[in-house]
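This report refers to the structure that appears directly beneath it.
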Amino acid sequence: MKRRYCIAGNWKMNPPGAAGGLLLEMREKLDEITAVDLIICPPFTALDNARQLFQNFRITIGAQNLFWEDKGAYTGEISASMLSAIGVEYVIIGHSERRQYFDDTDETVNKRMKAALKAGLKPILCLGETESEREDGITFEVVRKQFRGALEGIEIKELKDFMIAYEPVWAIGTGKTAKPADAQEVHELLRKLLAEKYTFEFSESTRILYGGSVKPDNAEGLFRQPDIDGALIGGASLSTVSFRQIAEAAEFLTTNEHE
Ligand code: 13P
């Protein structure tokens, strides 16, 4: 069974300055893509504008992080209820850049997951190994540990429309994409872990995205893998041309290859 593809853009701390122009361009260029789900995750400052601009359009919006407390004296933080109050639907949790530069751990990722679910947000849980972990042959172990840590104490009934993004750290922003077969291996492991922790049906219906230097010329090969259900895209999501081309690759496979 092939799941409906999801193409998500993680804009990270981009573009510098106001994001309105790029949001408008995305709205214009992506509205004809109907066979795949599209998500854009701009910086916090652009979320409200994005929500207004995408109203009645097909793109949904996501945030890139949240804090697990609901309110209080936490200068500079944003809570799950603040995001859902302005109509944000998705939230990226546990991105490797948060783990690397802002001390996110499996434990804090788990707290963020719980806060997001409680507020009705749909998490996109990121995990993946570093280059040295891959070289040491411990990719599966690392991914398994991150998976278990993030989902500790979370029940199946809480996980509505939740997604995982496998993002090998060595492939992020480096131009080194994982080979489709290597990515597939990890996606297959994740699907197995979902089935073990929850149910087979849940694991079959949960989308697992790949992230790490996805570009128009490598997207189709990745999307052809049975357990790759789309992509979480950094650099290439900042251009309407490349983001659209990647979405078209998924749309092409949906309409031509899969019944
Ligand atoms: P790049 O596509 O720029 O490698 O970034 C991937 C990523 O981190 C998406 O979350």
Side-chain angles (χ1 to χ4, degrees), residues 5-16 19 22 26 30 36-44 46-47 50 59-66 88-102 104 109 112-113 116 121-131 133-134 139 142-143 146-147 150 162-180 182-183 186-187 190 207-223 225 228-250:
Y5 287 107
C6 176
I7 307 298
N10 173 9
W11 286 8
K12 308 188 180 182
M13 199 171 72
N14 294 298
L22 186 57
M26 290 280 168
L30 290 161
V36 304
D37 291 337
L38 297 170
I39 304 171
I40 288 180
C41 305
F44 284 132
L47 283 170
I59 304 171
T60 47
I61 55 167
Q64 299 172 16
N65 185 34
L66 54 70
V88 171
E89 232 176 279
Y90 288 90
V91 59
I92 296 172
I93 293 180
H95 192 280
S96 65
E97 285 149 17
R98 302 290 324 167
R99 297 182 193 249
Q100 186 182 351
Y101 304 123
F102 304 100
D104 231 355
V109 166
R112 293 183 214 277
M113 283 288 299
L121 295 169
K122 301 166 182 169
I124 304 172
L125 167 65
C126 298
L127 35 74
E129 81 289 359
T130 62
E131 185 152 40
E133 288 164 342
R134 176 156 282 264
T139 297
V142 169
V143 166
Q146 290 174 337
F147 174 92
F162 138 86
M163 285 190 266
I164 295 180
Y166 167 57
E167 300 207 311
V169 179
W170 49 269
I172 296 177
T174 58
K176 290 195 257 175
T177 324
K179 291 194 192 81
D182 291 342
V186 180
H187 282 237
L190 286 164
R207 289 182 288 188
I208 306 176
L209 313 181
Y210 168 81
S213 298
V214 177
K215 304 278 182 270
D217 61 355
N218 59 29
E220 190 185 321
L222 290 158
F223 297 162
Q225 300 300 311
I228 298 185
D229 310 313
L232 182 56
I233 304 153
S237 73
L238 292 166
S239 142
T240 46
V241 175
S242 49
F243 193 56
R244 185 188 158 120
Q245 283 171 345
I246 295 168
E248 280 171 347

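Order of listing sets the numbers, starting from 1, for every ligand and every atom in it. These numbers come from the heavy atoms of this one structure, side chains and all, not from hydrogens, waters or symmetry mates.
If you look at I172 next to ligand 1, the close heavy atoms, those under 4.0 Å, come from the backbone and the side chain alike.
With sequence neighbours excluded, the residues satisfying side chain to side chain donor-acceptor pair (under 3.5 Å) with S242 are S239.
Interface atoms of ligand 1 facing K12, defined by a heavy-atom separation under 4.0 Å, are 5 (O), 6 (C), 7 (C), 8 (O). Those atoms of ligand 1 that come under 4.0 Å of a heavy atom in A171, given as number and element, are 4 (O). Every atom of ligand 1 is numbered from 1 in the order shown, and the set under 4.0 Å from a heavy atom of G235 is 1 (P), 2 (O), 3 (O). Of all the atoms in ligand 1, the ones that sit under 4.0 Å from a non-hydrogen atom of S213 are 1 (P), 2 (O), 4 (O).
For residues 237-246, the salt bridge (charged side-chain N to carboxylate O under 4.0 Å, His left out) pairs, not counting sequence neighbours, are E32-R244, R244-E248.
When the options R99, R98, R112 are evaluated for a side-chain hydrogen bond (donor to acceptor under 3.5 Å, both in side chains) with D104, the one that passes is R112.
Taking atom 6 (C) of ligand 1 as the reference point, the nearest protein heavy-atom neighbour is G234 N, 3.7 Å. Among protein heavy atoms, atom 9 (C) of ligand 1 sits closest to E167 OE2, 2.9 Å.
Ligand 1 does not have G175 within reach: every non-hydrogen atom of the residue lies 4.0 Å or more from it. For the pair G212 and ligand 1, a heavy-atom separation below 4.0 Å is found. Within the 4.0 Å heavy-atom shell around ligand 1 one does not find G211.
Of the inter-residue distances, the one linking M163 atom CE with L125 atom CG reads 11.5 Å to the nearest 0.5 angstrom.
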*Criterion side chain to side chain donor-acceptor pair (under 3.5 Å) on Y166 and E129, from CA distance to verdict*: CA-CA 9 Å; Y166 167 57; E129 81 289 359; 2.9 Å; yes
_Show, in sequence, the C-alpha distance, side-chain angles and deciding distance for Q64 and W11, and conclude whether the side chain to side chain donor-acceptor pair (under 3.5 Å) test is met._
CA-CA 9 Å; Q64 299 172 16; W11 286 8; over 6 Å; no
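In this structure, C126 and I92 approach most closely via the heavy-atom pair SG-CG2, 3.6 Å. Taking each heavy atom of K176 and A171 in turn, the nearest pair found is O-CB, 2.9 Å.
Ring geometry for Y5 versus F223: interplanar angle of 30 to 60°, hence tilted.
Between H95 and ligand 1, at least one pair of N/O atoms sits closer than 3.5 Å. Looking at ligand 1, you won't find any N or O of L232 less than 3.5 Å from one of its N or O atoms. Checking only distances, K215 never comes within under 3.5 Å of ligand 1, N or O to N or O.
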